[in-house]
Protein chains: 2
Amino acid sequence: MEPRQGAQAIRRALAVLRILAAGREDGVPLAEVVRTTGLTRPTVHRIVHVLIEEGIVERHERTGRYAIGNQVPELALARPRPSRLLIAANPSLQRASAAIGDTLFLTVRTGNDTLCVDRRIGVYPIQVLSIEVGARRPLGVSSAGVAILAAMPAQEARKIVAANEKRFEAYRTDAATVLGEVTAARRLGYGMREIGLVQGTKSISTWIKTPDGQPAAAMTVSAVRTRLGPRREQEVTEILLREARIIEQAIGG
Amino acid sequence: MEPRQGAQAIRRALAVLRILAAGREDGVPLAEVVRTTGLTRPTVHRIVHVLIEEGIVERHERTGRYAIGNQVPELALARPRPSRLLIAANPSLQRASAAIGDTLFLTVRTGNDTLCVDRRIGVYPIQVLSIEVGARRPLGVSSAGVAILAAMPAQEARKIVAANEKRFEAYRTDAATVLGEVTAARRLGYGMREIGLVQGTKSISTWIKTPDGQPAAAMTVSAVRTRLGPRREQEVTEILLREARIIEQAIGG
DNA sequence: CGTTCTTGTCCATATTATGGACAGAACCAG
DNA sequence: CTGGTTCTGTCCATAATATGGACAAGAACG
C-alpha cells in the first residue's frame, strides 16, 4: 500500500527540503545535504537550484548556504494557524510552566524529526533557551525525541533510528546509544537525558499520544542539571505526566 | 538563464501545491487542479497522492477535496516568523486603520498570485471581512492584484495576466477586463474596483515597491460602496499613498 | 436509466532525471 | 608558491523514470 511510485524526483525534493528546514535561518551547505540524504551531488544541486528558481529555497549571499525560502510560509498560510494540538496544550503548558518555573517545550514528531512547536519561559532566573520554536532534530537526539520513540512500537522506533543513523554523528551519538535511551525511557515511563544537547543541562520529557495510541508530541522540561536532582525530578515528572494525560483528553474530545 | 531543466516533476508538483493553497482549508477538487494547471489527470493524480503520502497534502474525508497538509507549516517554522515587510508595515497599518476606520489589507505578490498577509479591522460598524489572512487569488482579480500589476513593467504584467487567463473565469472576469483595469490604475496612481469581489463593496489599493522598483505588496481599503464616495475616496487614497511611501522607506533602510 | 460529472488505474512509450567524470574556486599548511 | 583538501558547479550518454492515452467505475443529475 505505502510505496506509490512514479515520483522519485518529488520525494527527493522533499527530503532535501526537510534537511534544509533543520538548518533554520542559517541554512545548510550543499555538501551536508548530499551527505545526509545519500543522494548524489549533481542531483541535489539540480533539485536545490530548481527550488530556488521556484522561490521555495533561498541561498544566503554571504555563506552560500541553502535555506527554506519565503514561499514556504506563504503556502503555509493556506492552513488555519494554531493547530489543534497547540490549542489543546495551551492551558497545560501555562499551568505546568507556572508550577515548575523552568523552560517548557512542546515538541511534535514530523516524519523522522522532532520539531519544537511551543516554548514557555519560566520564572526561575536561569533558563535553558537554546531550543527555539522551529528547531528540528533527528528523532532520538533530544529527550523529547527519545520519549516519542519510547511511546511507539519498538519495531517502528528501530526503523526510524536506523533511518536517522547518518545524521546522528553530527550530534555525537549513534544508533546503539539512542536505542538504549529509548529502552530506559520505556521502563521509566518518561524520557530523560542527564547530558542535554547543551552542556550542563538536563531534560525530562513525557509523551502525548493521540486517541489511536500513536505518539503525537512530547512535553519537555529543560534546566541546569543541578536544579533537577532526584527529588525534584520526581516532582517535575509528576506534573508533566498529569498534564500530558490532560492534553490527551483534550485531543480526544 | 531562467529555465534550468531536469526537474519537470518538481515544478509540476509545486504548481499543484500553489493551486491547492488557493483552496485554503476547504481544498480543491482534483478536476479543478487539472483544469487550472493544464496537466493531465493521471499526472495530477499521481503527484497529489505522492504528496499525501509525504504529508504535504491532505485529503478531506467528507468532500474528497485536496488541501495543503500540516507538514507545510512545519517546514515554514524553519524561517523567522514575522517577515521584514510585516514588521515594516505594522505602524503604518495601525495608523491608517485608526484614521480610516474601514478594513485594511496588506497583500503581497507571490508568483502569479496575490496573498493577503495582514488584515486590520476598523472601528466602523460595517466591515468587509470576506478576505482573510492567507487568502490567495490570481493576480488581477482583486484591486490589490490590479495595483501590483499596475506597478510593474507593462510587458511583465501582460505575461502574468496571460498565465492566469484560465483561472479568471472562476472569478467572472477575463484578461481584457483585467488589462483595462491595470491601465486605469496606472493612470490614477492607485488600484480601484467599484465592484469588489463581494457584492456591494468597493476597494482602493496602493502599491508598495521595493528599493529596486519591483512591486512588493499592496495596501487596500475595502468598504461598502456607499461609504466610499468621490470625496472620501480622495481622503482615503491620500492616507494610503502617504503610508505606502513610509513603508517603502522602512523597507529600504 | 441514460448522460455527464467526477476519481482512480494500467502500462507501453519516450521523455526525463540521473550520476559518473571533469573542472574550477576557495582555503590551508608547509 | 605548490600540493592537498575541501567545497560548488556543469556536461551528457544512458537508463530509469514519469508520462498520458485508454479504460473503468462510482456519483450526481434529470
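Note on naming: letters A, B, ... go to the chains in the order of the sequence lines (proteins, then strands), and numbering restarts at 1 for each one.
No donor-acceptor contact under 3.5 angstrom links the side chains of T220(B) and S203(B), judged on distance only.
Phosphate proximity of dG8(C) to H45(B): present, with a side-chain N or O under 4.0 Å from OP1 or OP2. Under 4.0 angstrom from either OP1 or OP2 of dC22(C) there lies no side-chain N or O belonging to R41(A). The side chain of R59(B) places an N or O atom within less than 4.0 Å of a non-bridging phosphate oxygen (OP1 or OP2) of dG8(C). Dashed line: the shortest gap from a side-chain N or O of Y66(B) to OP1 or OP2 of dT6(C) is not under 4.0 Å. OP1 or OP2 of dC7(D) lies within a sub-4.0 Å distance of a side-chain N or O belonging to R35(A).
Side-chain N or O atoms of R59(A) include one that pairs as donor or acceptor with a backbone N or O of G64(A) at under 3.5 Å. No donor-acceptor distance shorter than 3.5 angstrom exists from the side chain of R12(B) to the backbone of L39(B), with no hydrogens or angles considered. Remark: the backbone N or O of V141(A) is paired with a side-chain donor or acceptor of R193(A) at under 3.5 angstrom. No donor-acceptor distance shorter than 3.5 angstrom exists from the side chain of T110(B) to the backbone of D113(B), with no hydrogens or angles considered. Looking only at distances, a side-chain donor or acceptor of R109(A) sits under 3.5 Å from a matching main-chain atom of G111(A).
Within the structure, salt bridge (Lys or Arg N to Asp or Glu O under 4.0 Å) pairs that include any residue of residues 30-44 of chain B do not occur (at least two apart or interchain).
One interatomic measurement links the two molecules: CD of E53(B) to P of dG8(C), which rounds to 13 Å at whole-angstrom precision. For the pair L30(A) CG and dT10(D) P, the computed distance is 11 Å after rounding to whole Å.
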Can you tabulate the close N/O pairs, meaning under 3.5 Å, that link protein atoms to atoms of nucleotides 17-19 of chain C?
from: dA17(C); atom 1: OP1; to: Q8(B); atom 2: N; distance (Å): 2.4
from: dA17(C); atom 1: OP1; to: A9(B); atom 2: N; distance (Å): 2.8
from: dA17(C); atom 1: OP2; to: A7(B); atom 2: N; distance (Å): 3.0
from: dA17(C); atom 1: OP2; to: Q8(B); atom 2: N; distance (Å): 3.1
from: dA17(C); atom 1: O5'; to: G6(B); atom 2: O; distance (Å): 3.4
from: dT18(C); atom 1: OP1; to: Q8(A); atom 2: OE1; distance (Å): 3.2
from: dT18(C); atom 1: OP1; to: R12(A); atom 2: NH1; distance (Å): 2.8
from: dT18(C); atom 1: OP2; to: R46(A); atom 2: NH1; distance (Å): 2.5
from: dT18(C); atom 1: O5'; to: R12(A); atom 2: NH1; distance (Å): 3.4
from: dG19(C); atom 1: OP2; to: R12(A); atom 2: NH1; distance (Å): 3.4
from: dG19(C); atom 1: OP2; to: T40(A); atom 2: OG1; distance (Å): 3.4
from: dG19(C); atom 1: OP2; to: T43(A); atom 2: OG1; distance (Å): 2.9

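Using a 4.0 Å cut-off on heavy atoms, none of the residues of residues 14-24 of chain B approach DNA chain D.
L77(B) is not listed as a side-chain neighbour of L75(B), based on a closest heavy-atom distance of 4.5 Å or more.
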